[in-house]
Each structure stands twice: as structure tokens, then as C-alpha cells.
Amino acid sequence: MLILTKTAEVFSKPSKRKLYEVLRHFNFHPRKLFLHKLVLGIETSCDDTAAAVVDETGNVLGEAIHSQTEVHLKTGGIIPPVAQQLHRENIQRIVQEALSASNISPSDLSAIATTVKPGLALSLGVGLSFSLKLVDQFRKPFIPIHHMEAHALTIRLTNKVEFPFLVLLISGGHCLLALVRGVSDFLLLGKSLDIAPGDMLDKVARRLSLIKHPECSAMSGGKAIEHLAKQGNKLHFDFKPPMQRAKNCDFSFSGLQHIVDKTIMQKEKEEGIEKGQILSSAADMAAAVQHTIACHIAKRTHRAILFCKQRDLLCQSNAVLVVSGGVASNLYIRKALEIVTDATQCTLLCPPPRLCTDNGIMIAWNGVERLRAGLGILHNTEGIRYEPKYVVPFIIFMQFAFESQSLDFAFICEVFIDILVILEEGLH
């Protein structure tokens with residue numbers, strides 16, 4: 001963790017003079033009367049520079065985003081200094097576009113909300129430094145945002161969802177299950193013990209050299225796997241879902257990735273090709289990997305639903321599972337989760353695909369939620385920190401945060417048939 005003084009030294013650009021010049025070019029409407037609270041959200045936690053203005057009723061007044069995907073595809077992954085420089089080059093323009101599209105002046109804002117954790121240190125610093133200059137100039141309250149909390153609450157912008165609900169956050173950097181009991185009240189039920197599912201999909205795509213595949217050259221790793229899997233036979237390779245005997249709701253993907261890597265190496269030898277060339281069975285490999293990941297995620301989520309229902313932590317009649325994060329846009333994984341929610345009489349809700357990935361709208365909406373609840377609103381930003389890493393993958397947990405990990409889930413076998421059987425039948 002780095003304190004603000006260090007942040008200010010490292011991320012001194014853009015200068016206040018340049019910032020003021022940009023602000024003077026905004027298309028302001030100073031006489032317009034705003035009846036609702038307005039929050040500007042700024043997101044720079046990884047490789048997307050995003051901003052949006054949202055009011056307290058959930059109306060998105062304006063948004064803008066700059067994606068670095070094309071740049072990072074060429075380098076085979078995100079290089080933090082490159083991401084930092086691209087954020088620096090685009091953040092002024094993106095914030096300007098979001099405010100201009102909203103037809104408001106920064107002076108009309110009720111608060112400015114910005115992602116401060118978790119994420120890439122160099123990326124987080126750019127967003128925080130820029131935001132604090134806006135806060136200082138226009139004397140607005142500052143709302144520091146936890147990236148995963150924002151993902152979890154996005155569904156309340158698009159759907160009428162009351163607390164409590166279960167949330168599954170799956171992305172390139174995160175994988176966790178939590179019971180959402182309030183705006184900042186989360187009970188952690190399970191998390192990845194190693195890497196995230198999106199990270200594994202990206203690594204498998206790189207190992208298969210899918211960027212050289214004519215149909216996948218412009219796709220991210222996860223998208224390439226999903227696309228190619230439609231052409232493959234998932235039963236061609238027999239990969240087993242991890243942690244089948246683990247009596248908890250945690251996830252693990254690194255062991256599966258190791259097995260996949262060994263299998264790819266063996267197939268390369270059989271086909272007489274070198275690393276970097278595309279296997280004839282690449283589509284089958286993609287289908288098998290995607291299927292195994294989907295089954296693993298679905299079974300762990302199944303356990304979490306059963307645990308919450310057994311303990312009356314979720315409503316028995318209209319329980320809701322929210323799935324968000326970049327991997328939530330994978331339709332095959334979503335289908336697996338639909339099978340689970342149908343089997344447990346739950347409702348599956350996912351934000352629109354564009355709100356599953358990183359964006360400024362979810363940050364602004366999280367700011368609205370906190371503003372309405374009166375939580376975490378700072379009028380003095382001295383000593384504010386950004387936190388690239390964290391001990392547990394959520395903000396504040398109650399004392400029973402890891403209670404589910406010591407539970408005996410034997411009742412699952414007594415009451416429900418094996419969810420993997422249902423998945424195999426449903427994912428034909």
C-alpha cells in the first residue's frame with residue numbers, strides 16, 4: 001500500500017494547468033436544475049480507462065471508456081507500465097467525454113467515486129491522482145470504491161434486487177462467492193485458492209497460440225476459447241473438475257491448468273509440431289477446458305446456494321444468484337449456472353455484458369449506493385490510499401466470514417442428486 005504523498009509524486013501528470021484547460025472545454029449548462037444526486041465514477045484498476053455520471057435513480061447520464069485490449073493482445077498480456085501510460089494519455093479525455101455527454105458541470109456533482117482497490121498499482125494511482133485533483137478543485141466529497149463491491153452491486157442498477165442475495169464474481173483477476181446483506185455488508189462463502197478462471201482461460205489460449213488462429217486473432221483469450229469451443233468436442237479430453245471432495249465453497253484452477261499444459265505438450269509431440277503452432281485438436285481442447293471450468297464453478301456455487309438456504313440466509317421462495325465479472329459474459333458458463341439455479345429454485349441474474357466487464361458506470365452506481373446509505377463519504381482526502389493487494393478478496397467481513405469452510409455438507413448428498421450429473425445432461 002502506498003500513501004497519497006507517494007502517489008502524488010509518481011503520478012503528478014496531468015498538471016493542474018492542463019486539467020483546468022480541459023475543464024474549460026466541457027459543454028456546461030450552468031442553469032440546468034438537477035433534482036437528483038449525481039455521482040461521477042472513475043475506473044482505472046486494470047487496463048480500461050472509464051468514467052460515467054449516474055444519478056440516484058440509476059439513470060446513466062453519460063459514459064466513456066477507452067479499452068487497451070488491442071495493445072495488450074500484441075504483447076501477450078498486460079504490462080503494468082504500458083497500462084499506466086495509456087491511462088495517463090486517456091483519462092482527461094475520457095472524463096471530459098463522460099461529463100460532456102451528461103451535459104453537466106463538475107460543480108453539479110454530488111460526489112466523485114473512484115476505484116482505489118484492488119488492482120494494478122500503477123493503474124490505480126493514475127485514477128486516484130486525477131480524481132483527487134478534481135475533488136480539490138470543485139470541493140466535492142470523495143467516495144473510495146472497492147472494485148469487487150462495485151461489481152456485486154451493479155445488478156441493483158439494472159434490476160430491482162433487494163438484500164440479501166448471493167453473488168458470484170468471476171473475472172480474470174477474481175473468483176469469489178459472497179452473501180450480500182447490505183451495501184457494505186458481505187459474508188464471504190468461498191474464493192479461489194490460487195488463480196482466477198479468466199486468468200486460466202487466457203493462459204490456455206496463449207498456450208494454444210489462438211492469437212494465430214484466423215478466427216481468434218482479434219479476440220481476448222477468454223473470448224477465443226468460448227468461440228473455438230463451439231466447434232469442438234468437450235468429451236475428447238477427460239479433464240476432471242477440481243476439489244470434488246472438498247466440503248467448502250472454494251475454487252481452484254492452477255492444478256487443472258497444469259494438467260491442461262501437460263496434455264497440450266503431449267499432443268504437440270504426437271502431432272510433431274513445435275510450441276507456438278496450432279494443434280489440430282485445439283477446438284476440442286478449448287471445449288473440454290471450458291466445460292470443466294463451467295462444471296467446477298457450477299458445483300461450488302451449488303454448495304453455496306444450499307448452505308445459504310439451509311441456514312435461512314436466503315429467501316426460500318425467491319432467492320437470487322447474481323453473476324458478474326468478465327467471465328460472466330461466457331454463455332456456456334452462464335448456461336451451467338442456469339442449470340444450478342433451476343435445480344435449486346433460484347433466480348439467476350446477470351448485468352448486461354458491457355456492465356460485466358470493468359466500466360465507469362458500476363463505480364458511479366456504487367458511489368450512489370454509498371451516498372444514499374451515508375457510508376464511506378470522505379470530505380477530507382488527506383492520507384487516502386490505494387491498495388493493489390488485499391488479504392481477503394472483499395472489503396469488511398463479519399466474524400463468521402469463513403464459517404462455511406468448516407461445515408459438513410453431507411446433507412447435500414441426502415437431499416439433492418449430484419449436480420454434476422445434472423450438468424452433464426444439461427450441457428449436451
Any donor-acceptor N/O pair, Q290 side chain to I225 backbone, under 3.5 Å: no
Salt bridge (Lys or Arg N to Asp or Glu O under 4.0 Å) partners of K223, counting only residues at least two apart: none
Side-chain heavy atoms of I361 within contact of V54, under 4.5 Å: yes
T301 side-chain N/O to I297 backbone N/O, donor-acceptor pair under 3.5 Å: yes
Shortest non-hydrogen contact between A113 and I363, atoms and distance: O-CG2, 3.6 Å
Summary of side chain to side chain donor-acceptor pair (under 3.5 Å) pairs that have at least one residue in residues 274-289, sequence neighbours excluded: E271-S280
Beyond-backbone contact of S123 with S45, side-chain heavy atoms, under 4.5 angstrom: no
Salt bridge (Lys or Arg N to Asp or Glu O under 4.0 Å) against R334, all qualifying residues, sequence neighbours excluded: none
Residue list, salt bridge (Lys or Arg N to Asp or Glu O under 4.0 Å) with K203, at least two apart or on another chain: D199
Side-chain (K309) to main-chain (A319) donor-acceptor, under 3.5 angstrom: no
L99 side chain reached by P106 side chain, heavy atoms, under 4.5 Å: yes
Of all pairs that satisfy side chain to side chain donor-acceptor pair (under 3.5 Å), the ones with a partner from residues 152-168, not counting sequence neighbours: R156-E369
Worked check of side chain to side chain donor-acceptor pair (under 3.5 Å) between N359 and E63: CA-CA 9 Å; N359 61 87; E63 63 170 311; over 6 Å; no
Results of ring pair (Phe, Tyr, Trp, His ring centres under 6.0 Å) for F165 - residues two or more places apart only: F163
Residues forming a ring pair (Phe, Tyr, Trp, His ring centres under 6.0 Å) with H147, sequence neighbours excluded: H151
Result of checking I293, L168, D194, L193 against F251 for side-chain contact (heavy atoms from CB on, under 4.5 Å): L168
For K267, side-chain hydrogen bond (donor to acceptor under 3.5 Å, both in side chains) partners two or more places apart: E270
Residues in side-chain contact (heavy atoms from CB on, under 4.5 Å) contact with I264, at least two apart in sequence or another chain: R207, L208, V260, E268, L279, M285
Where S107 and K140 come nearest, the two heavy atoms and their spacing: O-NZ, 2.7 Å
Side-chain (Q68) to main-chain (A83) donor-acceptor, under 3.5 angstrom: yes
Inter-residue atom distance I333.CD1 - C295.SG, 0.5 Å rounding: 10.0 Å
Approximate separation, where rounding is to 0.5 Å, of I155 CD1 and C350 SG: 7.0 Å
Candidate list R93, Q85, H87, test side chain to side chain donor-acceptor pair (under 3.5 Å), partner E89, passing option: Q85
A111 versus L371, closest heavy-atom pair with distance: CB-CD1, 4.4 Å
Minimum heavy-atom distance between S254 and I195, given as atom pair plus value: N-CG1, 3.9 Å
pair R370-V183: side-chain heavy atoms closer than 4.5 Å: yes
Student check: side-chain heavy atoms of Q84 and V126 closer than 4.5 Å: yes
Residue list, salt bridge (Lys or Arg N to Asp or Glu O under 4.0 Å) with D47, at least two apart or on another chain: none
Pairwise distance CG(D358) to SG(C46) - rounded to 0.5 angstrom: 6.5 Å
side-chain contact (heavy atoms from CB on, under 4.5 Å) assessment of I42 paired with I91: CA-CA 9 Å; I42 297 176; I91 190 167; 4.2 Å; yes
Backbone of S105 reached by a side-chain donor or acceptor of D108 within 3.5 Å: yes
Flag side-chain contact, heavy atom, 4.5 Å: F142 against L134: no
Side-chain donor or acceptor of N59 paired with backbone N/O of L61 under 3.5 Å: no
Atom pair OG1/CG of T381 and L128 - distance to nearest 0.5 Å: 8.5 Å
Value rounded to 0.5 Å, distance of CG in L38 from CD1 in I112: 11.5 Å
Results of side-chain contact (heavy atoms from CB on, under 4.5 Å) for K230 - residues two or more places apart only: none
Student check: side-chain heavy atoms of L187 and R181 closer than 4.5 Å: yes
E56 side-chain N/O to K37 backbone N/O, donor-acceptor pair under 3.5 Å: yes
Donor-acceptor pair, side chain of W365 and main chain of L153, under 3.5 angstrom: yes
Over all atoms of both residues, closest heavy-atom pair of A98 and A51: CB-O, 3.7 Å
Distance, nearest 0.5 Å, that separates NE2 of H72 from OG of S67: 8.0 Å
Shortest non-hydrogen contact from A52 toward G360: CB-C, 3.6 Å
Main-chain N/O of I145 paired to T115 side chain as donor or acceptor, under 3.5 Å: no
Donor-acceptor under 3.5 Å (N248 side chain, D250 main chain): yes
Aromatic centroids of F253 and H296 separated by under 6.0 Å: yes
side-chain hydrogen bond (donor to acceptor under 3.5 Å, both in side chains) partners of H236, counting only residues at least two apart: none
Test item: L189 and F307 side chains (from C-beta on) under 4.5 Å apart, heavy atoms: yes
